[in-house]
Amino acid sequence: AAKAGGRNHFRFFTKSMHSEAQNRVRLAQDLRSALTSKRLKVYFQPIVDLSSGEISKAEALLRWNHDALGDISPARFIPIAEESGLIHEIGDFVFSEAVSWAMQWSAKSKNTFEISINKSPIQFTRGASIDWPAYLAERGLPAGCVTVEITEGVLLNASTQVATTLDKYKDTGIRVALDDFGTGYSSLAYLKRFHIDCLKIDQSFIRDISVNESSRAIAESIIAMAHRLGIRVIAEGIEEQNQLDILRLAGCDYGQGFIFSKAVPPIEFEALLENRMS
Ligand code: C2E
Ligand code: MG
Ligand code: MG
Ligand code: MG
């Protein structure tokens with residue numbers, strides 16, 4: 001019986017693997033057409049200055065409403081975009097959309113508006129995509145208004161191409177944020193080797209920060225260490241007031257999370273900006 005069960009299990013496993021592969025191929029095709037048919041959209045989530053309570057910047061986050069399958073999470077489709085190579089075009093799309101909105105929001109307020117854009121490790125491997133510093137110079141948006149969010153995966157065994165790009169960002173004023181901080185490898189060496197402006201504490205620590213001593217200790221230590229290095233800190237995934245209280249007490253610079261707002265379409269974000277600024 002065990003043997004038969006094993007065989008069944010094996011058959012089931014290969015079958016599901018096969019359909020998963022088919023699903024991914026289909027999703028990659030659908031993703032391509034979603035990009036051209038504008039079904040792929042850039043939303044914005046506010047990042048709030050924890051001392052003033054004002055929206056200080058926004059993270060651009062992709063949203064995909066699939067005709068048949070409904071909303072598909074970026075956690076699902078970004079890896080597919082990376083595998084299929086479509087991430088380069090998608091990345092250019094997010095970047096140019098985010099820049100154009102940042103320019104409009106900067107024009108409407110007295111201050112320039114800052115945006116934060118995720119860049120996948122794969123996007124560092126090809127030079128054919130938009131050259132961020134050149135593009136910003138051409139449009140006239142100060143490079144300091146743009147932050148690139150990378151994960152430790154980008155810095156792990158960083159190629160010369162990655163190092164060159166990051167050096168160029170540093171020279172031109174584009175800021176670098178290390179995303180999902182605390183979940184990766186030996187993060188501390190990177191902080192010495194690369195010019196990092198900002199750390200984003202991963203939401204897994206924030207989620208239980210008020211009930212788990214270890215999470216709280218980790219978050220507080222990241223904040224203290226970052227500040228010693230002149231690095232700003234953003235806490236991701238703040239949902240509750242007691243989490244916010246702890247982070248404020250720990251001196252965390254910025255917060256992002258559903259307690260303030262989820263990612264919303266640009267028009268809604270603009271309304272959010274006008275309400276909070278007035
Ligand atoms: P991330 O860059 O770490 O983005 C933060 C994620 O946390 C977003 O998920 C956001 O919606 C979610 N989040 C924010 N506040 C809360 C909260 O209070 N509670 C909870 N539960 N979640 C919160 P999202 O939009 O689903 O994106 C997931 C990941 O997909 C991102 O993680 C990022 O790695 C990737 N991604 C999204 N957009 C892009 C993009 O334009 N380019 C690239 N390369 N990756 C992207
Ligand atoms: Mg991010
Ligand atoms: Mg993150
Ligand atoms: Mg993440």
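Here the structure is a predicted model, which is why all the values come from computation and not from measurement. Positions are given from 1, in the same order as the sequence printed here. When a ligand or atom number is given, it counts from 1 through the structure's own listing order.
The option with the heavy atom closest to atom 10 (C) of ligand 1, from among Val42, Ile87, Leu61, is Leu61. Counting heavy atoms only, Pro74 comes closest to atom 37 (C) of ligand 1 of the residues Ala81, Pro74, Pro46, Ala60. The residue from Arg76, Glu239, Gln256 that puts a heavy atom closest to atom 19 (N) of ligand 1 is Glu239.
Summary: OE1 is the N/O/S atom of Glu149 found nearest to the Mg ion (ligand 2). Closest approach between the Mg ion (ligand 2) and any N/O/S atom of Asp179 involves OD2. Looking at Asp180, its N, O or S atom nearest to the Mg ion (ligand 3) turns out to be OD1. For Glu59, the N/O/S atom at the shortest distance from the Mg ion (ligand 2) is named OE2.
Ring to ring, Phe269 and Trp101 are not that close: their centroids are 6.0 angstrom or more apart.
Shown in contact with Val94 at under 4.0 Å from a heavy atom are these atoms of ligand 1, numbered in order with element: 41 (O). Taking a cut-off of under 4.0 Å to the non-hydrogen atoms of Gly237, the atoms of ligand 1 that pass are 15 (N), 16 (C), 17 (C), 18 (O). Close approach to Arg63 involves these atoms of ligand 1, each under 4.0 Å from a residue heavy atom: 11 (O), 24 (P), 25 (O). Within ligand 1, the atoms closer than 4.0 Å to a non-hydrogen atom of Ser120 are 44 (N), numbered from 1 in the order shown. Close approach of ligand 1 to Ile238 is summarised as follows: ligand atoms under 4.0 Å from at least one heavy atom of the residue are 18 (O).
Counting only N and O atoms by type, the side chains of Asp202 and Ser204 include a donor and acceptor under 3.5 Å apart. A donor-acceptor contact closer than 3.5 angstrom links the side chains of Ser215 and Asp208. A donor and an acceptor atom, one from each side chain of Glu59 and Asn118, are located under 3.5 Å apart.
Of the possible donor and acceptor atoms, none in the side chain of Glu236 sits under 3.5 Å from a partner among the backbone N and O of Gln256. Using a distance-only test at 3.5 Å, with no hydrogens or angles considered, no donor-acceptor pair links the side chain of Glu268 to the main chain of Pro265.
Between Ile259 and ligand 1, no N or O atom pair is found at a separation short of 3.5 Å. Note: an N/O pair closer than 3.5 Å links Asp180 and ligand 1 by distance alone.
The salt bridge (Lys or Arg N to Asp or Glu O under 4.0 Å) analysis of residues 64-78, with sequence neighbours excluded, yields the pairs Glu20-Arg76, Arg39-Asp67.
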For residues 132-143, run the donor-acceptor check on the side chains, cut-off 3.5 Å, and write out each pair with its distance to 0.1 Å, sequence neighbours left out.
| residue | atom | partner | partner atom | Å |
| --- | --- | --- | --- | --- |
| Tyr135 | OH | Arg139 | NH1 | 3.1 |

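By the 4.5 Å heavy-atom criterion applied to side chains, Trp64 and Leu40 are counted as neighbours. The side-chain heavy atoms of Leu155 and Leu178, taken from C-beta on, include a pair separated by under 4.5 Å.
At a 4.0 Å heavy-atom cut-off, ligand 1 touches Asp179 through the side chain alone. Of all the heavy atoms of Asn118, the ones lying under 4.0 Å from any atom of ligand 1 are found in both the backbone and the side chain. At a heavy-atom distance under 4.0 Å, only side-chain atoms of Glu59, from C-beta outward, approach ligand 1. Residue-level proximity to ligand 1 for Leu62 is carried by backbone and side chain together, each with a heavy atom below 4.0 angstrom. If you look at Gln45 next to ligand 1, the close heavy atoms, those under 4.0 Å, all belong to the side chain.
For a distance bound of 2.8 Å, the N, O or S atoms of Asn118 include one lying that close to the Mg ion (ligand 2). Put simply, Asp202 stays out of reach of the Mg ion (ligand 3), with no N, O or S atom under 2.8 Å from it.
Atoms CD1 and NZ, from Ile174 and Lys168 in turn, are 8.5 Å apart once rounded to the nearest 0.5 Å. Note: Ile72 CD1 to Ile78 CD1 = 12.0 Å, rounded to the nearest 0.5 Å. To the nearest 0.5 Å, the span separating CD1 on Ile209 from CD1 on Ile206 amounts to 4.5 Å.
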